[in-house]
Amino acid sequence: MVHAVPTRTTSTGARTGGTGTGRGTGRDTSGRRMPDVFGARTHLLAKWAMPLAIGLVYGYWAASVRRHGGPVTGWNLLFGFMTVLAFALLWYVVRAVADRLPREGHAVLWGAFAGSALGFLYSGSGVAMFTCVLVSLLLAAAVTAGLYYFYATRQDAEEARAARHRTLTRTT
């Protein structure tokens, strides 16, 4: 259920709040800023902690696939932690590079990252290399298509809102 956010007025009577119904620091349909539930510190913490947390799960998974149900050894733990380190570093690099790319490159880069990550895990299970490559390419294609659709529709909507806002400000 969506509730309206109360608006505040300044000493001149101008409205500073909005009835934002979305997340983040975007704008609602009237051009007013929507409230941000979390602060900048929380966003920064999530930006750096999420890849590390996902990397820990990925590293544990890779180590368990590599030992094939055998006992946990020191080398197995080392392999898991090195996998965590590699995964998290690659995530940070991909995120930094992808932010500078157009939407097509952004989607392709994240698709390649997801396909490569799955391929690495799947290849450790002892399946045929052709099967591993095929499954990785299918995942990479699906992630690329999904992200391209997401970024294309979001960017088109933002451009339409900006154009509508420009025409509204010109007429008033």
Side-chain angles (χ1 to χ4, degrees), residues 1-3 5 20-28 33-159:
M1 177 182 282
V2 177
H3 296 282
V5 176
T21 58
R23 301 179 339 185
T25 58
R27 298 190 179 274
D28 64 3
R33 292 192 68 77
M34 295 185 296
D36 189 1
V37 177
F38 300 110
R41 184 176 178 198
T42 306
H43 285 289
L44 182 64
L45 179 67
K47 179 181 178 180
W48 290 100
M50 189 176 70
L52 188 60
I54 294 172
L56 284 169
V57 172
Y58 185 83
Y60 172 76
W61 193 352
S64 67
V65 166
R66 185 166 187 211
R67 65 185 172 95
H68 299 290
V72 177
T73 63
W75 291 111
N76 189 253
L77 288 174
L78 179 65
F79 176 76
F81 283 117
M82 289 296 116
T83 305
V84 170
L85 181 66
F87 183 86
L89 286 175
L90 282 172
W91 181 303
Y92 295 134
V93 168
V94 167
R95 184 177 58 202
V97 172
D99 287 343
R100 296 181 178 100
L101 295 175
R103 62 185 173 200
E104 297 87 4
H106 194 116
V108 167
L109 189 59
W110 279 109
F113 177 73
S116 300
L118 177 70
F120 177 73
L121 283 179
Y122 200 42
S123 69
S125 66
V127 298
M129 192 54 63
F130 177 75
T131 307
C132 176
V133 169
L134 181 66
V135 169
S136 298
L137 287 175
L138 288 174
L139 178 71
V143 169
T144 299
L147 286 177
Y148 177 76
Y149 176 78
F150 174 75
Y151 293 131
T153 55
R154 188 176 75 179
Q155 184 177 4
D156 292 344
E158 287 174 357
E159 289 170 357

Check: H106 and Y148 side chains under 4.5 Å, non-hydrogen atoms: no
Any side-chain heavy-atom pair of F113 and S116 under 4.5 Å: no
Separation between CG of L134 and CZ of F130, rounded to the nearest 0.5 Å: 5.0 Å
From CZ (R66) to OG1 (T73), nearest 0.5 Å: 8.5 Å
L121 and Y58, any side-chain heavy atoms less than 4.5 Å apart: yes
G55 versus V84, closest heavy-atom pair with distance: O-CG2, 3.1 Å
Full working for side chain to side chain contact (heavy atoms under 4.5 Å, CB included) between T131 and Y122: CA-CA 9 Å; T131 307; Y122 200 42; 3.8 Å; yes
Min side-chain heavy-atom separation M50-W91 under 4.5 Å: yes
Taking every non-hydrogen atom, the tightest pair across G119 and C132: O-SG, 3.3 Å
Heavy-atom pair with the smallest gap, counting every atom of G80 and A63: CA-CB, 3.9 Å
Closest non-hydrogen atom pair, T83 against A62: CG2-CB, 3.8 Å
Closest approach of F87 to A117 (non-hydrogen atoms, all atoms of both residues): CE1-CB, 4.2 Å
Beyond-backbone contact of P51 with Y92, side-chain heavy atoms, under 4.5 angstrom: yes
Pairs touching residues 102-131 that satisfy salt bridge (Lys or Arg N to Asp or Glu O under 4.0 Å), sequence neighbours left out: R103-D156
Taking every non-hydrogen atom, the tightest pair across L147 and W110: CD1-CB, 3.4 Å
Interatomic spacing from CH2 in W75 to CE in M82 - rounded to 0.5 Å: 10.5 Å
